[in-house]
Protein chains: 2
Amino acid sequence: MSKLMQRCAEAGLKMTEQRKVILKVLEDSEDHPSVDTVCERAKSVDQSISIATVYRTLSILSELGLVLKHDFGETFARFEVTPDAAHEHHHHLIDTETGEVIEFKNEEMEHLIHKIGEQLGYDIVEHNFELFGHKIKK
Amino acid sequence: MSKLMQRCAEAGLKMTEQRKVILKVLEDSEDHPSVDTVCERAKSVDQSISIATVYRTLSILSELGLVLKHDFGETFARFEVTPDAAHEHHHHLIDTETGEVIEFKNEEMEHLIHKIGEQLGYDIVEHNFELFGHKIKK
DNA sequence: GTATGTGCAAAGACTTTGCTTTGGA
DNA sequence: TCCAAAGCAAAGTCTTTGCACATAC
């Protein structure tokens, strides 16, 4: 049983065929798929899966903190499975010329985020950090 | 003539009555108004201003870099006039309990952003950095 | 005078939801 | 069995756009 399925079971969710497929699609995705893309990938396994179910499933997973919802400056949302170890946390650099999303890690950032929260008297529960830029041409 | 009007004139935009009102609304706003809010404030000066014009104006200003478009995790966009001096750049902390948006500055962040870009071989032209959290209760 | 800008309403894009049926526990 | 979940289609929300009229330069 996959980690995501396990977590869903713990949360009391019924493990329907559709959910199994969607969870597997998410776990197998190495990019940051949109709802449409998740749905397409799911449909290639089970044609009957509807986009409404994909929306509902992603919404639940997001509330459970099992997936992260991103806005990379487009008109729609993208998703990825939440990294479960602290050292797997990463941020995103979007190449403004190609649309490519590059993941990067930065320890300093992690520290800074909590330091800033402390200074302002806040418990930081979430954050967005995205860079937009283009390759430096030699 | 306001700074924003000046910049618009330089960009070759016609200075219509509607634009004057919208520019003034933006310059006078100390928060991060949504399109609807900008439109309401503009209408209180000139009832005839339509939301389509507000959308079009904000879109132009955003392309010119004169306003910044933000996504604070809501379903709609918010805007603010772009700070024109480097030392006025700031980021945002959204109070998840009240929805309040707190601005803060952080020099370290500015450095880090460009350092990360350099390390990855990218010219960073834009970035999003938002924190979400709640007040620490004593 | 002419190109740009505006208002209105319709269309578009993405997302949510009501209702009926299906199926997991 | 029974309630959560799915499919479908309609509706909702935010944003963009086509068109006819208005207006800044």
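Note on naming: letters A, B, ... go to the chains in the order of the sequence lines (proteins, then strands), and numbering restarts at 1 for each one. The structure presented is a predicted model; accordingly, all values stated were derived computationally and were not measured.
- Of all nucleotides in DNA chain D having an atom under 4.0 Å from a heavy atom of chain B, the first and last in 5' to 3' order are D/dC14 to D/dC25.
- Spacing between atom CE of A/Met15 and atom C1' of C/dG23 amounts to 14 Å, rounded to whole angstrom units.
- Within residues 51-71 of chain A, the residues that place at least one heavy atom under 4.0 Å from DNA chain C are, in residue-number order, A/Ala52, A/Tyr55, A/Arg56.
- Rotation axes derived from the C1' atoms of the five outermost pairs at either end of the helix from C/dG1-D/dC25 to C/dA25-D/dT1 lie 30° apart, to the nearest 10°.
- Close to C/dG24, at under 4.0 Å from its OP1 or OP2, lies no side-chain N or O of A/Thr16.
- At a threshold of 4.5 Å between non-hydrogen side-chain atoms, the residues A/Met15 and A/Leu23 count as touching.
- DNA chain D is contacted by no residue of residues 32-43 of chain A, taking any non-hydrogen atom closer than 4.0 Å.
- Going from atom CZ of A/Phe79 over to atom C1' of C/dC14 covers 11 Å, rounded to whole Å.
- When side chains are defined from C-beta on, B/Val101 does not count as touching B/Leu93, because their heavy atoms never get closer than 4.5 Å.
- At least one side-chain heavy atom of B/Leu13 sits under 4.5 Å from a side-chain heavy atom of B/Arg19.
- Not counting sequence neighbours, the partners of B/Phe129 by the side chain to side chain contact (heavy atoms under 4.5 Å, CB included) test are A/Met109, A/Ile113, A/Ile116, A/Phe129, B/His91, B/Phe104, B/Met109, B/Leu131.
- Partners of A/His92 under the ring pair (Phe, Tyr, Trp, His ring centres under 6.0 Å) rule, at least two apart in sequence or in another chain, are A/His32, A/His70, A/Phe72, A/His90.
- With sequence neighbours left out, the side chain to side chain contact (heavy atoms under 4.5 Å, CB included) criterion links A/Glu88 to A/Pro83, A/Asp84, A/Ala85.
- Judged as a ring pair (Phe, Tyr, Trp, His ring centres under 6.0 Å), and not counting sequence neighbours, B/His134 has no contacts.
- By the ring pair (Phe, Tyr, Trp, His ring centres under 6.0 Å) test, B/Phe79 is found to be paired with no residue, residues two or more places apart in sequence or in another chain being considered.
- In this structure, A/Glu108 pairs ionically with B/Lys115, as a charged nitrogen and a carboxylate oxygen lie closer than 4.0 Å.
- Taking the side chain to side chain contact (heavy atoms under 4.5 Å, CB included) definition, one finds that A/Ala52 meets it with A/Ser50, A/Arg56, sequence neighbours left out.
- With sequence neighbours excluded, the residues satisfying side chain to side chain contact (heavy atoms under 4.5 Å, CB included) with A/Glu10 are A/Gln6, A/Arg7.
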Sort me out a list of protein N/O and nucleotides 1-4 of chain C N/O pairs below 3.5 Å, or just none if empty.
from  : atom 1 : to      : atom 2 : distance (Å)
C/dA3 : N3     : B/Lys14 : NZ     : 3.0
C/dT4 : O4'    : B/Lys14 : NZ     : 3.3

